[in-house]
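Remember, it's a predicted structure, so these values are computed and weren't measured experimentally. For reference, positions follow the sequence shown, starting with 1.
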Amino acid sequence: MKVFITGVSSFFASILKNSLENTEIIPIKSKTNRDSDSMDFDKTFLNLIDEDSYIIHAAWNMSNRKVANSKKINVEGTLDFFFSLDKKFHNQFIFVSSVGASKYAQSTYGKHKQEVEEIILANKGMVLKCGLLIDENNPYEYGFFSNLYKLAKKAPIIPNFSGNKAIYQVTRINDIKKAFKEITTIKESKVYESFDQSSYSFKDLVQGLMNLDKKVVNFPWFIGYFVSKFFEIIKIDFAVKSDSLLGIREMQKRFKHEKN
């Protein structure tokens, strides 16, 4: 089986390579990069596709969270790519989304992922929904857990802006294996969940899943958000993006809504 993938340098793509056996993973070459104001791909890979192949769209510009820019790059770029394909390939197209994509989304990331999800599904494509990605073979090398680990090494405490509720979900290698097995068996246009059904609080992630001997100190959400916004204005990196904190806020509200 051949799997063609955009965003081949992404953390998701690296986990996918460890997840799928007897599969040839072929990069779809990008004509743009993370500094571009658009998203475009080389379509010559289409000559290699057969009926047992899949196209995975994992590319997403995470560095630009401004609404207009993300809309042009991520939403329009993804949909332009999808609709440039012959309709016969739509039911072989898998859009990599997130648990942060929902009707409750407040963050630009969550809203735009949800917008793309709806259009892909309405046109016979598939959606693979992931949580926080972790590669158990190398857990602190990339992604959210890498950033958290680096912060833990430097800081005497770990600040928590998400409260004590279990609002986080995690995607491991086996979760992707199971989801992809379901995709290749069912082959239907739907959302395929690729995450652990258990939920974690932030403290669970730090002291349980990561086994870090660090004190977790709760701070009000709005403090993290406004500090993050301030550092973005003066162009200094902060550990958490303001848009990510909006995503946390949205998960808190979703948790409360689902419990009620």
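T6 contributes a side-chain N or O that, together with a main-chain N or O of A58, makes up a donor-acceptor pair within less than 3.5 Å. Between the side chain of K113 and the backbone N or O of V96, at least one donor-acceptor pair lies under 3.5 Å. Under the 3.5 Å distance criterion, the side-chain polar atoms of S19 are matched with a main-chain donor or acceptor of I15. A donor-acceptor distance shorter than 3.5 angstrom exists from the side chain of S53 to the backbone of D50, with no hydrogens or angles considered. Side chain of N74 to main chain of N61: a donor-acceptor pair is present (N/O by atom type, distance under 3.5 Å, no hydrogens or angles). Using a distance-only test at 3.5 Å, with no hydrogens or angles considered, no donor-acceptor pair links the side chain of K111 to the main chain of V67. At least one donor-acceptor pair under 3.5 Å links the side chain of T171 to the backbone N or O of S194. Looking only at distances, a side-chain donor or acceptor of D243 sits under 3.5 Å from a matching main-chain atom of T108. Judged by distance alone, with hydrogens and angles left aside, the side-chain atoms of K214 form a donor-acceptor pair with the main-chain N or O of A155 at under 3.5 Å. A donor-acceptor distance shorter than 3.5 angstrom exists from the side chain of E250 to the backbone of Q106, with no hydrogens or angles considered.
To the nearest 0.5 Å, atoms OG (S14) and CG (L133) are separated by 8.0 Å. Put simply, CD1 on I134 and CZ on F11 are 7.5 Å apart, with the number rounded to the nearest 0.5 Å. Distance check, rounded to the nearest 0.5 Å: CZ of F93 to CZ of F83 gives 9.5 Å. With values rounded to the nearest 0.5 angstrom, D42 atom CG is found 9.5 Å from S30 atom OG. A distance of 9.5 Å separates CZ of F202 from CG of N218, quoted to the nearest 0.5 Å. To the nearest 0.5 angstrom, N160 atom CG is 12.0 Å from K215 atom NZ.
M62 places none of its side-chain heavy atoms less than 4.5 Å from the side chain of R34. Here the side chains of F195 and C130 are not in contact, with every heavy-atom distance at 4.5 Å or above. The side-chain heavy atoms of E141 and S146, taken from C-beta on, include no pair separated by under 4.5 Å. The shortest distance between side-chain heavy atoms of V75 and L79 falls below 4.5 Å.
Salt bridge present: E182 and K190 bring a charged side-chain N and a carboxylate O closer than 4.0 Å.
The side-chain hydrogen bond (donor to acceptor under 3.5 Å, both in side chains) test with Y168 singles out one residue from S198, S162, S201, and that residue is S162.
In this structure, Y54 has its ring center under 6.0 Å from that of F180. In this structure, the ring of H57 has its center no less than 6.0 angstrom from the ring center of F82.
Closest non-hydrogen pair, T184 versus M1, comes out as CG2-SD, 4.0 Å.
Ring-plane geometry between W60 and F95 is classed as tilted, the angle between the planes lying from 30 to 60 degrees on a 0 to 90 degree scale.
Taking hydrophobic clusters as Ile, Leu, Val, Met, Phe, Trp and Tyr residues chained together by side-chain heavy-atom distances below 4.5 Å, M210 shares a cluster with I167. Under the 4.5 Å side-chain heavy-atom criterion for grouping Ile, Leu, Val, Met, Phe, Trp and Tyr, M126 is connected to I5 within one hydrophobic cluster. With hydrophobic clusters built from ILVMFWY side chains whose heavy atoms lie under 4.5 angstrom apart, F4 does not share a cluster with I94.
Atom CZ of F45 has more than 12 neighbouring heavy atoms from other residues, nucleotides or ligands inside a 6.0 Å radius.
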Point to revise | Derivation of the salt bridge (Lys or Arg N to Asp or Glu O under 4.0 Å) call for R172 and D196 | key: CA-CA 8 Å; R172 298 174 173 83; D196 187 340; 2.8 Å; yes
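For the pair K43 and F41, the cation-pi test (distance below 6.0 Å, angle within 45°) is failed.
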